[in-house]
Amino acid sequence: MHDSPPPLGRLPQFSRFRPRGLAGFLVAVLVLVTGFFWFVVRIEVPSNNILILMRKSGQNLPTELRSDFSDQVILYPELVAGIAKKTGESEADVRDDYKGISFEVLGEGRYWFNPYTYRREIVPATFIKQTEIGVLIRKFGKPLPFPKTVATLPDERGPVADVLMPGRHNINPYAYEVQKFPAIAIPEGHVGVVTLLSGADPVRKNRYVVEPGEKGVQRATLPPGLEYINPYLKQIDIVDVRSQKCDMVGDDAIHFPSSDSFTITIEGTIEWAIRPDHVAEVTVAYGDKRDILDKIILPNVRSLARIQGSKLQTREFISGKTRAAFQDKLLSELKNDCWTQGIDIRSALVRDIKPPAEIASLISQREQADQEIDRYTNQIEEAKSEARLVEQQEMQKQNSALGEMRTTVVTVTKEAEQRKNVAVTKANREFAVAKLTLDAAEKEAAAIRSRGEAEANVILFNYKARAEPLKSAVSAFGDGYLYAQHFFYQKVAPSIREILTTTDGPLADVFRDFQTPDTSGKGGRR
């Protein structure tokens, strides 16, 4: 807000002030200058507003430049650069020397601009809502060349290609007009077909869709969501790609002659949808849902129904089997024909087939008779099935008895085998125990034998140890007789003190034997 000047009632206070000398004059001048800057030059820009400056003093455009810039009042950057290039001045000098509206704007704050040099204007900032977009209409620059619809260069006049997104924007209203458009909401189950209004000419002419960047209908579509699209650059057509139903009843029912020249009426329902990868082509080539029905689906289904129906007689349309086969054939061929045209036929249901009234009763009676025949045939088949069932039950009982006997035989055999295995296992275990006992006995006998041999060897060695000295002694005497004699004398002699005897008797025999030579050949004396 601007600060208001002091009320007139306060002016007499200045008259009471009488400056004295040079100092007082300077103080007065300082007060006047400060007041001028504070109350006249100062400008306050409040919140959510912008400041636009218009230079009132300065030079007009040179005469030689008026042919190019005579209709321009905005000193936009390209204009300033062009003038500076032709006049040889700097761009800053051009902004300061020439009259016009400044392109740049200033935001909230305090500024100091001389109102005698500039016209100062405070305007609200531009706000774009969340569900809107802003399109800038540029008021300066060169006119758009044909056939462009949006300005893509910074010095072209007209709608700007880039849009203003939701939020605040500081836009100079003398340079741009802001047009607000609602954002395009593409609901679920729909897509957006994009038509580019400005761009390069298509390379391939006379086609429903063009390549990316070329002017015309784009092959790629927009998914569900909120789209911020410049309506001067692109046109969005929302197309429903959900399943649709077409009821062929009343005037839309199908009429065709049968092979026996009776008129058949068919009522049904067709479920269809646009193929997601052919939405753009189908929309351009045929139009909306009603156009797709009138130009693709209904002509195809009528044609196929007449072709397939003319192959059957009237009574065949009453039979359930023939009717189902007719419906399957109709769906198969209709699906193939419409698929190539960008339509997905998801189902084709024949709800009712109406033959001519004059033969409907006859066909109905015949159909009832056929149904009775089928019923009796079914009853016969049921009786045969019951007989086969009884036979199967008896066979099942027999097989069950045989199975039980086989189970018993198998059980007895298994038990015998188990007892045999137990006996064999027990015998093997006893055999192993006996074998281990035998091995232990053999090892014990071997140990006893080894121990006996060791003891015998000890005794033998003892005897040998005792015999060796005796043998050596006998060897030293020449034979055993002499050694025995020596040993005898050695033992007896110390005990004999005197002998009183004759040469006869037992004692004399002892000594006599030592004196008698041995003639037996065994050594010694007799």
Side-chain angles (χ1 to χ4, degrees), residues 48-54 69 71-80 100-108 121-187 190-202 209-210 212-239 280 283-284:
N48 296 329
N49 286 265
I50 58 175
L51 175 63
I52 301 173
L53 297 176
M54 306 174 189
F69 306 110
D71 61 341
Q72 305 297 322
V73 295
I74 304 295
L75 296 175
Y76 59 94
E78 288 74 17
L79 174 62
V80 172
I101 302 173
S102 297
F103 177 76
E104 294 79 7
V105 298
L106 300 175
E108 299 92 332
E121 185 173 345
I122 298 176
V123 297
T126 302
F127 287 89
I128 307 296
K129 298 179 182 179
Q130 186 65 31
T131 57
E132 295 179 334
I133 60 167
V135 178
L136 296 175
I137 308 299
R138 188 176 290 151
K139 300 178 180 180
F140 59 85
K142 303 174 183 177
L144 285 177
F146 181 82
K148 292 182 68 174
T149 60
V150 293
T152 56
L153 298 178
D155 61 344
E156 288 181 339
R157 186 182 308 176
V160 179
D162 296 332
V163 299
L164 299 178
M165 300 301 290
R168 171 182 167 169
H169 302 274
N170 294 337
I171 303 299
N172 190 337
Y174 293 98
Y176 295 98
E177 176 189 353
V178 179
Q179 294 183 356
K180 298 179 181 180
F181 297 92
I184 298 176
I186 303 176
H190 297 69
V191 296
V193 177
V194 182
T195 302
L196 193 62
L197 303 178
S198 179
D201 291 332
V209 294
V210 297
E214 295 179 347
K215 183 168 56 178
V217 179
Q218 306 295 303
R219 185 183 303 276
T221 58
L222 299 176
L226 197 62
E227 298 291 339
Y228 299 95
I229 302 298
N230 189 338
Y232 291 98
L233 180 61
K234 294 178 181 179
Q235 175 183 334
I236 307 299
D237 295 314
I238 299 176
V239 180
T283 302
V284 176

*Please indicate whether K142 has more than 12 foreign heavy atoms, meaning atoms of other residues, nucleotides or ligands, lying under 6.0 Å from its NZ.*
no

*Out of I50, I171, N170, which residue meets the side-chain contact (heavy atoms from CB on, under 4.5 Å) rule with T126?*
I171

*asked:* Just to verify, which of T149, V163, L136, V160 counts as forming a side-chain contact (heavy atoms from CB on, under 4.5 Å) with N230?
replied: V163

Check [X] against [Y] and note the closest heavy-atom contact, atom names and distance.
| X | Y | answer |
| --- | --- | --- |
| P224 | P187 | CB-O, 3.5 Å |
| V193 | T283 | CG2-OG1, 4.0 Å |
| L144 | P159 | CD1-CD, 4.4 Å |
| K215 | P202 | O-CG, 3.4 Å |
| G158 | A151 | O-CB, 4.3 Å |
| A280 | V209 | CB-CG1, 3.7 Å |

Roughly how far, to the nearest 0.5 Å, is [atom2] of [Y] from [atom1] of [X]?
| X | Y | atom1 | atom2 | answer |
| --- | --- | --- | --- | --- |
| Y76 | E104 | OH | CD | 13.5 Å |
| L75 | I101 | CG | CD1 | 8.5 Å |
| E121 | N172 | CD | CG | 9.0 Å |
| I238 | I184 | CD1 | CD1 | 6.5 Å |
| D155 | L79 | CG | CG | 10.0 Å |
| L51 | I122 | CG | CD1 | 6.0 Å |

Do [X] and [Y] have side-chain heavy atoms sitting under 4.5 Å apart?
| X | Y | answer |
| --- | --- | --- |
| Q179 | P231 | no |
| N49 | E108 | no |
| M54 | Y174 | yes |
| P182 | I133 | no |
| K139 | I74 | no |
| V194 | L222 | yes |
| L197 | K234 | no |
| Q218 | L196 | yes |

*State which residues pass side-chain contact (heavy atoms from CB on, under 4.5 Å) with D162; sequence neighbours excluded, sorted by chain then number.*
none

*Any chance you could lay out the side-chain contact (heavy atoms from CB on, under 4.5 Å) test for H169 and I128, step after step, and finish with the verdict?*
CA-CA 8 Å; H169 302 274; I128 307 296; 3.8 Å; yes

*Mind running side-chain contact (heavy atoms from CB on, under 4.5 Å) on V80 and E78 for me, showing each step along the way?*
CA-CA 5 Å; V80 172; E78 288 74 17; over 6 Å; no

_Test of ring centre spacing under 6.0 Å for F140 and Y176_ =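 That pair passes the under 6.0 Å test.
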
*Measure from the side-chain N and O atoms of K180 to the backbone N and O of F127, and report whether any donor-acceptor pair falls under 3.5 Å.*
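Yes, because the side chain of K180 sits within donor-acceptor range (under 3.5 Å) of the backbone of F127.
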
*So, R157 and E177, do they make that salt bridge, N to O below 4.0 Å?*
no

_K148 bridged to E156 by N-O distance under 4.0 Å_ = yes

_side-chain contact (heavy atoms from CB on, under 4.5 Å) assessment of F181 paired with Y228_ = CA-CA 9 Å; F181 297 92; Y228 299 95; over 6 Å; no

